[in-house]
*Asks:* 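I have a structure here, written as structure tokens, and I will follow up with some questions on it.
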2 protein chains.
Amino acid sequence: MATHGARGRSGGRPTLEEVAARAGVGRGTVSRVINGSPRVSDATRAAVEAAVAELGYVPNTAARALAANRTDAIALVVPEPETRFFAEPYFSDMLKGVGAALSDTEMQLLLIFAGSDRERARLAQYLAAHRVDGVLLVSVHADDPLPDLLAQLEIPAVISGPRSAAETLPSVDSDNYGGARQAVEHLLSRGRSRVAHITGRLDVYGAQRRVDGYREAMSDAGLGVDEGLIEAGDFTEEGGHRAMEVLLERHPDIDAVFAASDVTAAGARRALREAGRRIPEDVALVGYDDSAIARHMEPPLTSVRQPIEEMGRRMIDLLLTEVADRRPLASRGLDRRQMVLATELVSRSSS
Amino acid sequence: MATHGARGRSGGRPTLEEVAARAGVGRGTVSRVINGSPRVSDATRAAVEAAVAELGYVPNTAARALAANRTDAIALVVPEPETRFFAEPYFSDMLKGVGAALSDTEMQLLLIFAGSDRERARLAQYLAAHRVDGVLLVSVHADDPLPDLLAQLEIPAVISGPRSAAETLPSVDSDNYGGARQAVEHLLSRGRSRVAHITGRLDVYGAQRRVDGYREAMSDAGLGVDEGLIEAGDFTEEGGHRAMEVLLERHPDIDAVFAASDVTAAGARRALREAGRRIPEDVALVGYDDSAIARHMEPPLTSVRQPIEEMGRRMIDLLLTEVADRRPLASRGLDRRQMVLATELVSRSSS
DNA sequence: AGGTACCGTGGGAGCGCTCCCACCAGTGAT
DNA sequence: ATCACTGGTGGGAGCGCTCCCACGGTACCT
């Protein structure tokens, strides 16, 4: 927990100036050492470091922020109420990845919820004050004004799932299309052929891509696409339940279901049980997310795993590059940096 | 999302100075208006407010922090790995209360995990840099050096559960002693008399107080205290299971158990089931925390509810007072502010 | 010998704010 | 008329840092 020897005589914290005096050098030199500039001789550097240690010098962040016009902080903005944040493992995994990537850095992470209008107003104020160098945006809906606000304020930002194929912000996403294909191909390889799909909220781009993946996997397998086998859900348990009921009504001979999330799959499972269908004997079931729910379901649920922690790490990488790069607007925006990470099918007994 | 009209001609954000010029007043006056000082005439205030709105002025936090030597930020320090933070509803409830209390304020909340040594070192550095005006400490063990570090750095802090009866930091706690009494008296009123207690980690002061409550309730009821009916747990499921086994071995005629947490009760329940005891017919069971576990247990668990959200709110109140009060050391520390909130027994079918 | 290039270094200027002292009425008491 | 306030105001000083220009020194060319 570090030493902190004598302080400036007046009892306050030591300043750069005091360190400089102690080391017998100028203010600029100390600043260079603190900031790791290479343009300092080894001897000088050692002298300064000694003085820093003796005085227990810690840079004053406010002064640095004022002079350098940066804050060394970035925000993870969650446009959801806190409750959902804690309920969904997605966020905690993301946070873990982000935290890990940031721990080698001087950067400070701020967690900001913007679920209510009140909170959003506060956030707008906060961003306008430029209290962070960059923003990580997770779980953003198609019509959210936040990305535009950030663009207008010229604050670097990275988004976790692109809002559309034409996303302008740098983004990190998992391969929703490929993941969906994995799921469907898995079901087909198990000998199923009447595979239904319960979608997610279709205003979320990722959900659309999963539908695309489902469609093309079916069609590539020569089974054609029966639109009657697709039913819209909304990522909730209730939505999954309702959609499954509709599907069973329409196609009683369904022998497999690919649900757009594990929670949706849980709803579907309930409807299947209520209809007397056995899993996996009568109907095979595959979810998406590979969350705790999947592992604890009865029977355990086959699911498509997204590397969420890895996504968090990549988002930080992108953002830090973006923050560092802040060149005079010229070359920016052209080289769109969109990153897509592979998914992995985790096979369990539900399929 | 607020207006932001024309900016300073150079494209940057408008400054106090520019607002002053626009309003035709001095810098000091604008500062007074911004900070809500009463020593400004209504006419002047209106003029300044108009200028602020027209320019879309937002104060520069870094400059303010530097000049005023405050940050307008406080930290919620969680000395646990992130995993536990997400797993235990205690933290999310606390965060909700804290967030609510802070939302009327300009204060910014920082969430800081200090589970690993690495993270703790970072935290120490962070605190040494005085990057927050105050600290909220939750879930601190008896031997944690953090409170001393804070005292040494003279950073105002409030602790969620006192470390001992002689806690020097301001604290907010629920009435562990009273809550335990409620639990035991409830069991006695249900006609039970051979009531066992599985404790929490005894290096946590609150756990000790629960034992005290158990002891005195038993003794006040004229049943005396059989030390053999007390077995140490550690707040975990496994600990509860083990302790229950020991207790059943020692006292097969136990007809009630008060567990120091819901998780502990879940472990005890498992051991009771394995021993063929029915709940509540053979053995009544009461937990502590009234968490989600209690509601979803089979049978639903009677439990002592702590007003955690309320505790969060109170902690903020105390801390903000502490931060505002920062008088020259003289009158501080004498008026210890320890706050204890009442618990409530939530009766369900396990007892 | 002079010229050119750099490297390492010192320190002025300034970031945008708050604090505080000085100042100017106006008011009421003497 | 004089004095003592008081409410309202302007602006200097300074918070601790980074940025950048200027300087002397060394090294390597012409």
Side-chain angles (χ1 to χ4, degrees), chain A residues 7-49 51-52 55-72 106 128-131 133 326, chain B residues 7-8 10-48 51-52 55-72 106 128-131 133 324 326 328:
Chain A
R7 294 290 169 77
R9 63 213 142 297
S10 58
R13 299 161 50 197
T15 69
L16 242 207
E17 191 100 41
E18 288 168 20
V19 173
R22 174 111 188 183
V25 299
R27 234 173 42 251
T29 303
V30 178
S31 177
R32 260 165 247 134
V33 172
I34 299 293
N35 293 291
S37 157
R39 319 188 133 286
V40 182
S41 71
D42 290 346
T44 309
R45 163 165 289 118
V48 171
E49 279 166 353
V52 166
L55 296 175
Y57 171 73
V58 180
N60 181 320
T61 342
R64 171 178 289 175
L66 178 59
N69 197 30
R70 59 191 167 84
T71 63
D72 289 328
E106 291 290 82
H130 284 262
R131 293 185 65 165
D133 292 341
R326 308 226 79 196
Chain B
R7 293 293 168 74
S10 58
R13 297 161 51 196
T15 69
L16 242 207
E17 192 100 42
E18 288 168 21
V19 174
R22 174 111 188 183
V25 300
R27 233 173 44 249
T29 303
V30 177
S31 177
R32 260 166 247 135
V33 172
I34 299 293
N35 293 293
S37 157
R39 320 188 131 287
V40 182
S41 72
D42 290 348
T44 308
R45 163 166 289 117
V48 171
V52 166
L55 296 175
Y57 172 73
V58 180
N60 180 319
T61 345
R64 173 178 289 174
L66 178 58
N69 197 29
R70 61 192 164 83
T71 63
D72 289 326
E106 291 290 80
H130 285 260
R131 293 184 65 164
D133 292 341
R326 308 227 79 196

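Numbers restart at 1 for each chain; the letters A, B, ... are given by sequence-line order, proteins then strands.
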*Asks:* Any side-chain N or O of S41(B) under 4.0 Å from OP1/OP2 of dG8(D)?
*Replies:*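 So the side chain of S41(B) is outside the cut-off, no N or O lying under 4.0 Å from OP1 or OP2 of dG8(D).
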*Asks:* Using side-chain contact (heavy atoms from CB on, under 4.5 Å) as the criterion, point out the one residue from N69(B), T71(B), N35(B) that pairs with R64(B).
*Replies:*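 Exactly one candidate clears the test, N35(B).
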*Asks:* Which letter, B, S or -, goes with each nucleotide of nucleotides 15-27 of chain D from 5' to 3', with contact meaning a protein heavy atom under 4.0 Å?
*Replies:* BBBB-B-------
*Asks:* So, R32(A) side chain and R39(A) main chain: donor-acceptor pair closer than 3.5 Å or not?
*Replies:*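 Not at all, since once roles are kept as given, no pair shorter than 3.5 Å links the two residues.
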*Asks:* Tell me every residue that passes side-chain hydrogen bond (donor to acceptor under 3.5 Å, both in side chains) with S41(A), counting only those two or more places apart in sequence or in another chain.
*Replies:*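 Per chain and number, S41(A) pairs via side-chain hydrogen bond (donor to acceptor under 3.5 Å, both in side chains) with T44(A).
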*Asks:* For D72(B), give me all partners under side-chain hydrogen bond (donor to acceptor under 3.5 Å, both in side chains), at least two apart in sequence or on another chain.
*Replies:*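 D72(B) satisfies side-chain hydrogen bond (donor to acceptor under 3.5 Å, both in side chains) with R70(B) only.
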*Asks:* Kindly say if R39(B) contacts the phosphate of dG7(D), meaning a side-chain N or O under 4.0 Å from OP1 or OP2.
*Replies:*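 Yes.
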*Asks:* Less than 4.5 Å apart, any side-chain heavy atom of R22(B) and any of V30(B)?
*Replies:*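 Result no, sub-4.5 Å side-chain heavy-atom pair not found.
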